[in-house]
Amino acid sequence: MAPPIPLLAVRGSDGTSLLCGPPGCEPHLAFQRDSRLSRCFTFSRDGTLFCWCNGHNVSVVKSADGSVVSNFDLPKTSLLDFSPLSSVLVTWQPYSKTQDSPQGDANLQLWDVQSGQLIKALYQKKVDSWCPSWSDDEQICVRSVNNELHFYENNDFNSIANKLHMQKVSHFAVSPGGQPCKLAVYVPGSKGAPSFVRLYQYPVLGGPTAALANKSFFKADRVSMQWNQKASAVLVTASTEVDKTGASYYGEQTLHYLGVNGETALVQLPKSGPIYDVVWSPNAAEFCVVYGFMPAKVTVFNLKCDPVFDFGTGPRNAAYYSPQGHILVLAGFGNLRGQMEVWDVKKYKQVSKPQAPDATHFSWCPDGEHVVTATCSPRLRVSNGYKIWHYTGPVLHKWDVAAGAELWEVRWQSFPDGSFPERAIKYQAASSELGTTQAPPKQAYRPPALRHLPATASTKLHEEEPPQNMRPAGEKNLSKSALKNQKKREAKKAAKQEAKSEPDPPSDPAPVSNSQSEASSGDPETDKKIKNLKKKLKAIEELKEQQAAGKGLQKNQLEKVQKEEQLLKELEELQIGQ
């Protein structure tokens, strides 16, 4: 059975339309373009329904044949979303008060999609976290109300099934998938207390041992939290509005990792500067970070927060994995020139390097073969339009708005996971009448006085770093247990070699310097005790470094750290007695 053809929804000053996806993007015959100005639109999670508000009413239609499912008299609706199983439509309009209604009307409505009946009307003044969050099976729904979280079960919004009471919960993220439902919660710091993120598994929300993981940090005015697709870990990007060192007008950012097994870590980024983008791979085992002062670095990390591959430096501020996870696009949009680097993730080999100047939007088509870039208003009010690309570089379809018109938004139809199989990656550019826009190689600027001289490192404005594989040789093909055993064997072998390289103490030592006398006392038993104590102290030093980096220590490790003073005293006594 052939895979379906994705639709592309387009919203602009000339109305709302649905197009039959790549490469041609012809009008969808079953959907008549709505010429009225659209405020917003969205697809259901499985893509079977399409909904939009045209300033008069909200309409829900079937994507396949355009048949009407339901209509709602909601002309002021500004935001729309479906619940995961498309049973509930959520609409939001700006909160306002009138003389007839001094308290204001309930501006967040939950509707039964099929019957069109109102399920519940609620107050939601702020646009932040406006939409309730569901587990994928819709058994649990979570909503933030007055700095606490309210839980509803099985779409029964007439009774609150559970609450999470904490001081000022300002942000939360529900894990993907069904049960057990997990939750990441952020509480900002106050009065010298640090901010923290905690992970919970519903319905265990109270008590000191309820949290699956806990991570605290001081530098955070706001956070973004991202679960991986397997709901096994969360990445937290903590940001401050102002960089007190004055190094960056972006403020300061740090990246933290929390696993549902209790492991936490501060992700160590080798280059200083802002964090532009953080994205999980669809395989849930790796994540990609774009960071550092321009030219920015891009690094892929594993679940241990160890670097796997470094893409070097370049003009990038965003990263996009294909839906199948086999291709990664690194791009520089906004104030950069729209350069895109397309990489084969399995081989870490570059496929193409197209360029999309002035693009304000990028998204992967669900088929994993095509992407769309668009220049939209109000971000840019000139040269509005969109392009459909093949990942190998060529532009397959191009559309520019008419003079005086504007493009506001483009969006692909969504599909369930597995709808489009992963295809073998091609390196030869696909054929296209519109050609390709591969970025031409550029020479770094050199002052006129130096142009007759050969280029040297000192004449470069920025030091360029090439891509490099950070994974140890042979690690990729080993299983987790095999890799663990290999590391144990290597450590054992290194310890044996170190023991062999230790010289035997001389029977009649000659006069030695102070440093040498500390290394050997002439008594083999004393030397052995000193060596063991130094080994323990070195291990404690490593644990303290891990603790300083934000990694949580286990109970036995904490007990080791507490014995440091006692061990130092023993070592001092042995060395004095030499």
Side-chain angles (χ1 to χ4, degrees), residues 224 226 237 239 247-251 253 255 269-281 287-301 307 309-322 327-345 348-365 370-395 398 407 410 429 436-445 460-468:
S224 68
Q226 301 175 61
T237 307
S239 307
S248 172
Y249 59 80
Y250 288 99
Q253 291 87 29
L255 182 61
L269 303 176
K271 187 173 185 179
S272 60
I275 298 173
Y276 304 104
D277 201 8
V278 179
V279 59
W280 278 105
S281 166
F287 58 92
C288 180
V289 188
V290 186
Y291 62 96
F293 295 113
M294 288 293 167
K297 280 179 76 71
V298 181
T299 307
V300 173
F301 296 87
F309 191 86
D310 188 328
F311 292 92
T313 56
R316 314 101 158 205
N317 56 15
Y320 308 91
Y321 278 100
S322 65
I327 300 174
L328 175 64
V329 174
L330 308 178
F333 295 135
N335 58 348
L336 300 176
R337 290 294 300 159
Q339 177 180 298
M340 298 183 285
E341 301 169 38
V342 182
W343 287 81
D344 178 339
V345 173
Y348 283 115
K349 183 178 178 183
Q350 192 171 122
V351 178
S352 61
K353 199 173 182 179
Q355 197 162 16
D358 302 327
T360 62
H361 171 84
F362 174 102
S363 60
W364 273 99
C365 178
H370 304 87
V371 301
V372 62
T373 60
T375 303
C376 299
S377 182
R379 178 70 175 82
L380 279 178
R381 296 188 183 275
V382 294
S383 304
N384 280 191
Y386 65 84
K387 294 175 183 176
I388 306 293
W389 309 68
H390 191 267
Y391 68 80
T392 52
V395 178
K398 181 181 178 183
L407 174 66
V410 296
T436 183
T437 59
Q438 293 279 354
K442 289 186 178 181
Q443 299 293 327
Y445 173 79
K460 290 183 180 178
L461 184 62
H462 299 291
E463 288 298 321
E464 295 178 1
E465 296 181 27
Q468 56 177 321

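Side chains are part of it too, since the values below use all heavy atoms of this structure and drop only hydrogens, waters and symmetry mates.
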Of Trp343, Tyr391, Trp364, the one forming a side-chain contact (heavy atoms from CB on, under 4.5 Å) with Val329 is Trp364
*asked:* Do Phe311 and Arg316 make a side-chain contact, defined as non-hydrogen atoms from C-beta onward lying under 4.5 Å apart?
replied: yes
In short, Met294 meets Gly314 closest at the heavy-atom pair SD-O, 4.1 Å
Beyond-backbone contact of Pro295 with Lys271, side-chain heavy atoms, under 4.5 angstrom = yes
Keeping the roles fixed (side chain from Gln339, backbone from Pro315), state whether a donor-acceptor pair exists under 3.5 Å.
no
Rounded to the nearest 0.5 angstrom, the CD1-OG1 distance for Ile388 and Thr373 is 8.0 Å
| message | When you compare the side chain of Tyr291 with that of Thr299, does any pair of heavy atoms fall below 4.5 Å? | response | yes
*asked:* What verdict does the side-chain contact (heavy atoms from CB on, under 4.5 Å) test give for Leu269 and Phe301, after you've listed the backbone C-alpha separation in whole Å, the side-chain angles of each residue and the deciding distance to 0.1 Å?
replied: CA-CA 10 Å; Leu269 303 176; Phe301 296 87; 3.8 Å; yes
Measure the shortest side-chain to side-chain distance between Thr375 and Leu407 over non-hydrogen atoms and say whether it is less than 4.5 angstrom. no
* Would you say Thr392's side chain and Val351's backbone share a donor-acceptor pair under 3.5 angstrom? -> no
Under 3.5 Å donor-acceptor, Asp277 side chain and Val290 backbone:
no
Correct closest heavy-atom pair for His361 and Val410 would be CD2-CG2, 3.6 Å
dist Tyr276:OH -> Phe333:CZ (nearest 0.5 Å) comes out at 15.5 Å
What one should report as the nearest heavy-atom pair of Pro274 and Gln253 is CA-OE1, 3.0 Å
Distance col, row Asn317:CG vs Leu330:CG, nearest 0.5 angstrom, shows 10.5 Å
Margin query: With heavy-atom distances below 4.5 Å as the criterion, would you say the side chains of Val298 and Cys288 are in contact?
Written below: yes
Does any non-hydrogen side-chain atom of Tyr320 lie less than 4.5 Å from one of Met340? no
Rounded to the nearest 0.5 Å, the NZ atom of Lys387 sits from the NZ atom of Lys398 at a distance of 5.0 Å
Is there a donor-acceptor contact under 3.5 Å from the side chain of Thr360 to the main chain of Cys376? yes
Between the CG atom in Leu328 and the OG atom in Ser281, the distance rounded to the nearest 0.5 Å is 8.5 Å
